[in-house]
Amino acid sequence: MIEAKNVSKRYGETLVVDGVTLRLPVGGITSIIGPNGAGKSTLLSMMSRVMPMSSGNVLVDGLDVTTTPGDTLAKRLAILRQDNHLTARLTVRELVAFGRYPHTQGRPTAQDREHVERAIEHMGLSALADRFLDEMSGGQRQRAFVAMVLCQDTDHVLLDEPLNGLDLKHAVSMMKRLRHAADTLGKSFVLVLHDLNFASCYSDHIVAMRDGKVAFQGRPEDIMRSDVLRAIYELDISVQQIDGDWIATHYR
Amino acid sequence: MKRAFAAAAVLVTLAVVSLLIGASDVSWRALFAPEPDERALQVLVISRLPRLFAVMLAGTSLGVAGLIMQMIARNRFVEPTTAGTAESASLGLLTAALLAPGLPVLGKMLVATGFALAGTALFLLVLRRIPLRSALIVPVVGLILGGIIDSATTFFAYRYDLLQTVNAWTTGDFSTVLRGRYELLWVTLGLTCAAYTAADRFTVAGMGETFTTNLGLNYPRIVALGLVIVSLVTAMVVVTVGMIPFLGLIVPNLVSMVMGDNARRSIPWVAVSGAGFVLLCDIVGRVVRHPYEIPGGTIAGVIGSVLFLYLLLKRGARVG
């Protein structure tokens with residue numbers, strides 16, 4: 001379980017994350033939504049210890065992220081942020097294999113190689129496994145990075161905007177694969193998402209942030225309501241139930 | 001495997017050629033005759049072999065140092081001469097020569113290493129302060145920093161009449177290598193092996209700080225390790241044979257284009273190609289004006305700058 005206690009991030013005078021206390025459910029997909037600048041990515045980065053917090057603390061399965069050794073945490077929690085613009089010439093298989101590093105320290109066993117192949121297959125990259133990352137499309141590359149964090153085989157997987165740069169088809173396929181991984185591998189996913197309807201259709205739990213605070217949280221049907229969405233986004237958004245999913249229309 | 005054999009064959013051929021050419025006549029026949037030519041044997045042991053080792057060690061270690069720099073700076077166009085490292089090492093040597101002229105070579109080397117460390121760390125700090133860094137800005141910043149440090153060196157060298165000495169450090173020249181005057185370079189082989197042991201960690205660091213932290217590794221520690229290796233290698237090469245420009249840039253880039261950036265796989269290739277490249281430059285320098293010599297470093301600079309421009313146009317377009 002990931003637990004944030006009174007977590008804040010301050011840049012000079014600005015409070016980007018303002019005393020967030022949050023207990024994320026175990027298992028399934030939790031999505032963090034909210035307008036730009038609400039502090040979603042910052043909160044995710046602090047929860048995964050890749051960004052220091054100004055105050056507060058975060059516990060992952062009871063371990064304080066600021067004091068627990070990095071290699072211990074790396075076996076429990078994986079984070080993928082949106083700063084992988086640099087395209088090193090690694091093949092997909094080499095990249096995914098680095099996901100095993102916390103377990104192997106660079107000496108993979110046959111079992112680790114199996115893990116690698118399974119993660120590659122899970123993200124539908126088997127045919128591209130020996131391709132260099134810088135010779136692939138943005139969407140394929142994104143899938144390769146997700147395969148790497150899946151291969152890390154942690155209970156918690158945190159993804160910052162995993163749909164960024166993906167077209168509709170690949171976005172749907174990514175969400176389906178994540179849903180499948182959550183259901184079959186028993187992992188807990190925490191995603192920062194911009195698309196409300198993806199969050200609604202695929203999440204078990206939604207956390208809505210605004211001005212550095214958690215404004216609302218609950219099941220999709222609790223959040224996907226006009227009055228709640230207006231309070232989050234300051235926008236008139238009508239919500240309809242279509243085929244059992246709550247769909248927001250906010251285009252006019 | 002085929003590639004490895006071909007590379008080994010090329011390297012061995014170059015090495016043999018390097019042993020047999022020069023102002024003094026050393027031939028197979030003289031060496032392997034029933035009664036070997038004493039003088040030829042002496043030339044071989046005192047001059048030719050040390051020179052061959054020095055060339056190969058410098059090429060290997062500078063190539064690998066360049067690769068490590070490129071990973072910790074996360075930029076393809078960085079190497080010791082485009083990051084202020086080599087210039088800082090020269091300044092360190094000059095400082096040692098002025099303030100403690102009696103210092104043994106090892107002491108001078110350590111002072112140069114300290115300066116190289118400080119200069120490279122300064123370069124990385126400056127990089128952190130540049131918010132939007134395009135791939136091509138990074139080496140430009142390094143060249144400017146190197147230029148500033150170099151101007152300080154030139155100023156003091158001029159004042160104390162040491163310009164010629166400084167020149168020797170900045171131009172890689174293997175003609176003065178003799179037995180007993182290059183052995184420090186063997187240490188770089190140990191450093192290259194150390195780099196290979198940490199290869200995975202450098203690859204991970206090359207993917208960025210978040211990526212590294214996520215895998216449970218300590219990013220600042222990897223960067224520090226890289227800095228120490230690069231600074232030591234640079235200082236040793238500057239002290240013994242002088243700097244070879246562009247080598248650390250061209251060799252890792254060419255290897256990366258074929259083999260990719262997985263350091264575990266590319267370091268052996270960078271090591272072998274680096275040795276081959278400097279060996280080739282040294283041989284060309286010894287042949288073009290035979291029996292006179294053009295320093296290998298100068299030849300490397302000429303070939304290197306052309307290849308560098310090619311890489312800038314080809315790879316710069318992609319990463320920039």
Side-chain angles (χ1 to χ4, degrees), chain A residues 41 44-46 48-52 65-66 68-108 130-135 144-145 148-149 151-152 154 156-160, chain B residues 67 70-78 127 131-135 138 196-222 252-267 269-270 311 314-320:
Chain A
S41 297
L44 197 78
S45 298
M46 290 192 292
S48 55
R49 57 92 167 81
V50 294
M51 185 189 277
V65 295
T66 44
T68 308
D71 49 347
T72 310
L73 278 175
K75 293 180 195 164
R76 293 178 179 263
L77 173 147
I79 166 89
L80 180 61
R81 267 207 322 195
Q82 280 309 307
D83 53 4
N84 297 303
H85 49 81
L86 175 122
T87 48
R89 269 174 79 77
L90 295 179
T91 65
V92 173
R93 187 173 282 121
E94 284 171 338
L95 175 75
V96 176
F98 273 115
R100 297 307 298 165
Y101 197 88
H103 307 273
T104 63
Q105 310 299 328
R107 288 185 190 73
D130 292 313
R131 200 77 91 72
F132 281 118
L133 292 173
D134 62 344
E135 291 165 0
F145 276 101
M148 191 211 89
V149 291
C151 190
Q152 205 173 330
T154 53
H156 306 279
V157 180
L158 280 57
L159 305 175
D160 190 0
Chain B
L67 180 75
Q70 284 148 33
M71 285 179 164
I72 58 181
R74 297 187 73 194
N75 185 288
R76 295 203 183 283
F77 302 114
V78 169
L127 280 193
L132 260 181
R133 42 189 252 204
S134 97
V138 176
Y196 183 68
T197 327
D200 285 336
R201 270 171 277 169
F202 287 126
T203 312
V204 170
M207 302 293 287
E209 183 160 5
T210 304
F211 189 95
T212 311
T213 311
N214 171 51
L215 290 180
L217 289 165
N218 187 327
Y219 183 76
R221 206 176 291 166
I222 300 174
N253 268 284
L254 292 177
V255 170
S256 156
M257 287 162 102
V258 184
M259 309 288 300
D261 290 330
N262 188 355
R264 174 75 56 206
R265 199 145 52 104
S266 61
I267 282 181
W269 284 94
V270 170
L311 287 171
K314 179 134 200 264
R315 302 201 90 173
R318 248 202 350 236
V319 291

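Below, chain A is the first sequence line, B the second, and so on; all start at residue 1.
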* Sequence neighbours left out, what pairs pass salt bridge (Lys or Arg N to Asp or Glu O under 4.0 Å) with at least one residue falling in residues 199-214 of chain B? =>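 Qualifying pairs, neighbours excluded: R128(B)-E209(B), D200(B)-R264(B).
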For [X], is it the side chain, the backbone, both, or neither that has a heavy atom closer than 4.5 Å to a heavy atom of chain B?
X	result
F132(A)	side chain
M148(A)	side chain
R100(A)	neither

* To do: Evaluate side-chain contact (heavy atoms from CB on, under 4.5 Å) for N214(B) paired with V149(A), printing each intermediate quantity in order.
  => CA-CA 9 Å; N214(B) 171 51; V149(A) 291; 4.2 Å; yes
Report yes if the side chains of [X] and [Y] come closer than 4.5 Å at any heavy-atom pair, otherwise no.
X	Y	value
L95(A)	M207(B)	yes
F98(A)	N262(B)	yes
T203(B)	Y101(A)	no

For the [atom1] atom of [X] and the [atom2] atom of [Y], what is their distance to the nearest 0.5 Å?
X	Y	atom1	atom2	answer
R265(B)	T91(A)	CZ	OG1	6.5 Å
L90(A)	S256(B)	CG	OG	9.5 Å
L215(B)	Q105(A)	CG	CD	10.0 Å

* Flag the one option from L158(A), V50(A), I79(A), D71(A) with the top tally of heavy-atom pairs under 4.5 Å to chain B. => I79(A)
* Asked: Is a side-chain donor or acceptor of E94(A) paired with a backbone partner of G260(B) at a separation under 3.5 angstrom?
  -> no
* Side chain R89(A), main chain D261(B), donor-acceptor under 3.5 Å ->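 It does not hold such a pair.
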* Asked: Side chain, backbone, both or neither: which part of M71(B) has a non-hydrogen atom closer than 4.5 Å to chain A?
  ->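 The answer is neither part of M71(B).
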* Who are the side-chain hydrogen bond (donor to acceptor under 3.5 Å, both in side chains) partners of Q70(B), not counting sequence neighbours? ->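 Counting only residues at least two positions away or on another chain, Q70(B) forms no side-chain hydrogen bond (donor to acceptor under 3.5 Å, both in side chains).
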